2 protein chains.
Amino acid sequence: MKDITLKEIATKLGISITTVSKALKNYPDVSEKTKRAVIELAQKLHYTPNSFAVNLRTKESKTIGLIIPEVVHHFFSNVVNAIINEAEKNGYLVIILQSNETLALEKKQVELLINKRVDGIIMSLSNESNNDDHIKEIMNRNIPFVMFDKIAKLSKCSKVVIDDQKAAFNAVQHLIDNGCKKIAHIRGPLNPQNAIDRYIGYKKALEKNNIPFDNKLVYTCETVTFEEGRDFAEQIINEHPDIDGIFAITDLVAVGALAYFNENKIKVPEQVAVIGFSNWFMSQVLTPKLSTVNQPSHEMGIESFNLLLEEMNCHKEGIPFTPRTIELETNVIIRESSIKFK
Amino acid sequence: MKDITLKEIATKLGISITTVSKALKNYPDVSEKTKRAVIELAQKLHYTPNSFAVNLRTKESKTIGLIIPEVVHHFFSNVVNAIINEAEKNGYLVIILQSNETLALEKKQVELLINKRVDGIIMSLSNESNNDDHIKEIMNRNIPFVMFDKIAKLSKCSKVVIDDQKAAFNAVQHLIDNGCKKIAHIRGPLNPQNAIDRYIGYKKALEKNNIPFDNKLVYTCETVTFEEGRDFAEQIINEHPDIDGIFAITDLVAVGALAYFNENKIKVPEQVAVIGFSNWFMSQVLTPKLSTVNQPSHEMGIESFNLLLEEMNCHKEGIPFTPRTIELETNVIIRESSIKFK
DNA sequence: TTGTAGGCGTTATCAG
DNA sequence: CTGATAACGCCTACAA
């Protein structure tokens, strides 16, 4: 079953390619009769325009690229889901690439997408990345570009974020309101902006409540995994037996801590209250159920795509576009792991 | 920053486009001198071939399509991860689409990919799909095609699967070995092959152990969600208070059942042993830890892509390709939720 | 109302 | 060793 082209339809009907093309695009200057004939034959032969040729002519592929650290991640898979669906609604397909949290790979993925000439790029940075050359390159080339969640503050592009400082502040304030007096923080790596902001939020909450900040109570993840959460929990409880609360950079890490405490009969929340971040699905099915901060992943995906779409449209029309930042709301979800009193 | 073309390099160097093209592709019939000059200038200008034009000429896009029911799913996100990485290693990019478990959407996604002229398609069927027209269409058009996990048995294409019957049999046998005498099965929807096979495996295990099969002990999911698991658990315990084991189609459903039992102080595994399927991450952090069947998602992704690659290569060379089926091994993972004796 | 011609950027063929 | 020419399939001024 070979591909049908305009040419074939044209020869079959004994007319010119141009007329066929025009007929199919419903140009006004084609007679109803030929129009009907063309459309009928096109349908019969299941004609669809060759997208390679269309891409070449129109210089757009109706395809966008999406780079994230990792799909197997509750938050990111939700964003991916939203972006794919939103893109499809608007006639775009999505190529997905993973940076695997390394700068080197991320650079490569950007290059691949640029060479592929996607119409736009949406991205969430790896832990190692910043406003590096590959990011600047995207903007230098004037490719529509949106960053979400893990962003580079200095990049002059559109962004979709939450207020990590405020969200973290609220999480820690909640622990304090529930009687915690000595709260440890398992933070993310030193580079990513959201880890920095959550850390600042933690500090601010302590400050506001006149709890002295102690650097020794801050533990820094490298891999941000379940295992790290478990290991840090052990370390924390050994180094600071009187700790009564933990704020973890993300649920996965909090779940690791929970696992350690459960196995070692350390009562959560009675002895140690725990709160995570991101509201992973599993958090609500654990024992005890994990308190956390809700991060609107779905909305983030939708907003990211729509910002990109707007920029792509401007780009096409040659209209200048001014990057915007959209900040979405978060809220603390209170479950069992942080309620000391009933 | 405008795009660099062969033409520009040619005019800048005062030579022909043809020579530039050849020089960049390292043809033997270009003098070392011009070759060097061309390559140097090309690098300086950051020339990259216009992929739209290359696609049109070569009739391939080095892009494949992947259709799955849903990315936000432990098993599928792992497969996606593997396919993306494996594809990239081999110079392919991946467009991902979701069927959302409906036939209508799946048909649309197939159409989109066909029109996009991807070089190949990998797919896991929705719950409503079968060897339907859209599947046949892919093969009629001679587009390289691989199905994995949720397949249509009758389709004459390559497949990557597990032996669902055997895996389910082993899971149920394990429950029986642990003293279960009255085992309920929360099965998947009636249509998908893997739900059918797991159901058959359940029946065979009962039969082998001379446990009478009772249709009333089989509960059929529609949405295959956490909520359904929870609701069926309630229903099962009410209708059959003497039930002592449950085999669930997938971990998510098993986790729902576990949640219900936990909340209602029904002891797992003492009163009811539970085993799931697929080994979702969360299963190992629950209380009690969920026993399950390991499904090699990562390997499945890799094998799927490589089968597709083989077919794409044959396709390109015009060599006939005979579809193959690869069956991967599974194993029962024994955790707390199914061990009645210690 | 229909058709001709040119071009999008690359590659392959063939002639010089 | 180099280059002119055509072709991939589509679209659109412009001409007839």
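Side chains included, hydrogens not; waters and symmetry mates left out as well; all remaining heavy atoms used. Predicted model only: the values in this text are computed from it and were never measured. Here is the naming used below: chain letters follow the sequence lines, and residue numbers restart at 1 for every chain.
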Fill in: Close residues, residues 23-38 of chain A, relative to DNA chain D [heavy-atom separation under 4.0 Å]
Lys25(A), Tyr27(A)
Fill in: Residue-level proximity of residues 7-16 of chain B to DNA chain D when a heavy atom falls under 4.0 Å
Ile15(B), Ser16(B)
Practice prompt. Could you name each residue pair satisfying side chain to side chain donor-acceptor pair (under 3.5 Å) that touches residues 149-159 of chain B, not counting sequence neighbours?
Written response: Glu101(B)-Lys150(B), Asn127(B)-Lys150(B), Asn131(B)-Ser155(B), Asp149(B)-Gln295(B)
Item to complete: Return each pair, listed once, that meets side chain to side chain donor-acceptor pair (under 3.5 Å) where at least one residue sits in residues 304-313 of chain A; pairs must be two or more places apart or across chains.
Response: Glu86(A)-Asn306(A), Glu310(A)-Arg324(A)
Worksheet item: Does the pair Glu137(B)/Arg141(B) count as a salt bridge with the N-to-O cut at 4.0 Å?
Response: yes
Round to a whole Å and report the spacing from [atom1] of [X] to [atom2] of [N].
| X | N | atom1 | atom2 | answer |
| --- | --- | --- | --- | --- |
| Arg117(B) | dC8(D) | CZ | C1' | 12 Å |
| Tyr47(A) | dG9(D) | OH | P | 10 Å |
| Asn50(A) | dC10(D) | CG | P | 6 Å |

Practice prompt. Can you pull out how bent the helix from dT1(C)-dA16(D) to dG16(C)-dC1(D) is, comparing the axes over its first five and last five pairs, to 10°?
Written response: 50°
Looking at every strand, decide which applies to [X] at a 4.0 Å heavy-atom threshold: base, sugar-phosphate, or nothing.
| X | result |
| --- | --- |
| Lys22(A) | base |
| Thr5(B) | sugar-phosphate |
| Leu6(A) | sugar-phosphate |

Discussion item. Arg117(B): which residues meet the salt bridge (Lys or Arg N to Asp or Glu O under 4.0 Å) condition with it, sequence neighbours left out?
Written reply: Asp3(A)
Response to the item:
Its 5'-most and 3'-most nucleotides having an atom under 4.0 Å from a non-hydrogen atom of chain A, DNA chain C is contacted over dT1(C) to dG9(C)
Item to complete: Please name all residues satisfying side chain to side chain donor-acceptor pair (under 3.5 Å) with Lys35(A), sequence neighbours left out, ordered by chain then number.
Response: Asn26(A)
Worksheet item: Do any N or O atoms from the side chain of Asn55(A) and from the backbone of Ser51(A) form a donor-acceptor pair under 3.5 angstrom?
Response: yes
Fill in: Side-chain donor/acceptor of Thr63(A) to backbone N/O of Ser61(A), under 3.5 Å
yes
Worksheet entry | Crowding at CD, Glu327(A) (>12 non-hydrogen neighbours, <6.0 Å) | yes
Test of understanding: with ring pair (Phe, Tyr, Trp, His ring centres under 6.0 Å), list the residues that count as partners of [X], not counting sequence neighbours.
| X | result |
| --- | --- |
| His315(A) | none |
| Phe52(B) | none |
| Phe145(B) | none |

Cut-off 3.5 Å, no hydrogens considered: what does the side-chain donor-acceptor table look like for residues 316-323 of chain B, sequence neighbours left out?
none

Fill in: Geometric class of the Phe76(A)/Phe148(A) ring pair [parallel <30°, tilted 30-60°, perpendicular >60°]
perpendicular
